[in-house]
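Reading through the structure tokens given below for one structure.
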Amino acid sequence: MAAADPRRPEYHPVVADPIDSMQLSPQQAAHEASMAEVEETLLNIEQAIRRADRAHRTVASRGGDANLTLALQEALGELEGTRKALFQATYFASDQQRLI
């Protein structure tokens, strides 16, 4: 290994990983991990919405069974409602515990 040049300053990255540089409490770390799970779930719901929309358009354009078209349309609406409810319940939730 070559010796460091004394005329050059030691390299320090300008941008550090924000999570590594933060001192998170156990509660904050648990919250961050939980929110990562929520984000992944929302991503999967978004993908399901896109797939259901594509299936609905395909079945409708091919003159498919009306029951299939209606079922896909209903599933699409339910998925969109689920996405909205999860988003609002997690990102806009208050500190108070929800009663179900």
Side-chain angles (χ1 to χ4, degrees):
M1 181 174 207
D5 185 353
R7 295 173 290 174
R8 293 186 83 181
E10 186 177 333
Y11 171 75
H12 296 286
V14 175
V15 178
D17 186 7
I19 298 298
D20 290 342
S21 64
M22 293 176 12
Q23 298 297 326
L24 297 178
S25 70
Q27 294 84 6
Q28 290 170 323
H31 179 73
E32 289 293 324
S34 297
M35 291 308 291
E37 291 294 329
V38 169
E39 285 182 39
E40 192 164 329
T41 302
L42 285 169
L43 176 63
N44 286 331
I45 293 170
E46 286 289 337
Q47 291 171 344
I49 288 170
R50 284 195 302 271
R51 183 63 187 102
D53 182 54
R54 188 170 69 227
H56 177 261
R57 285 186 281 119
T58 300
V59 170
S61 71
R62 292 181 181 166
D65 185 358
N67 287 333
L68 293 176
T69 304
L70 289 173
L72 287 166
Q73 186 175 6
E74 185 177 326
L76 186 58
E78 289 175 4
L79 286 166
E80 289 171 341
T82 299
R83 174 189 57 194
K84 181 179 179 180
L86 179 60
F87 188 83
Q88 289 178 344
T90 55
Y91 287 100
F92 299 110
S94 69
D95 290 338
Q96 297 178 3
Q97 188 166 356
R98 292 178 17 152
L99 299 175
I100 297 177

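Bear in mind that the values here come from a model prediction, so they are computed numbers and not experimental data.
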How many angstroms lie between atom [atom1] of [X] and atom [atom2] of [Y], to the nearest 0.5 angstrom?
| X | Y | atom1 | atom2 | answer |
| --- | --- | --- | --- | --- |
| Glu37 | Thr90 | CD | OG1 | 12.5 Å |
| Leu42 | Met35 | CG | CE | 8.0 Å |
| His56 | Glu74 | NE2 | CD | 11.0 Å |
| Gln27 | Ser34 | CD | OG | 12.0 Å |
| Asp53 | Gln73 | CG | CD | 10.5 Å |
| Glu46 | Glu80 | CD | CD | 9.0 Å |

Hydrophobic cluster identity match, Leu86 and Leu43, side-chain contacts under 4.5 Å =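 Shared cluster, no.
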Discussion item. Same cluster or not: Ile45 versus Leu76, using hydrophobic residues (I, L, V, M, F, W, Y) connected whenever any side-chain heavy atoms lie under 4.5 Å apart?
Written reply: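 Yes: a chain of side-chain contacts under 4.5 Å links Ile45 to Leu76.
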Notebook entry, point to check: Is a donor on one side and an acceptor on the other found under 3.5 Å between the side chain of Gln88 and the backbone of Ala85?
Noted result: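 Not confirmed, Gln88 side chain does not pair with Ala85 backbone.
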_Minimum-distance pair of heavy atoms, taken over all atoms of Gly64 and Thr69_ =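 Here Gly64 and Thr69 meet closest at O-OG1, 4.3 Å.
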Any Val38 side-chain heavy atom under 4.5 Å of Tyr91 side chain
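Val38 reaches Tyr91 side chain to side chain.
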Exercise for review: Could you tell me whether the side chain of Asn44 reaches within less than 4.5 Å of the side chain of Gln47, counting heavy atoms only?
Suggested key: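 Contact flag for Gln47/Asn44 side chains = yes.
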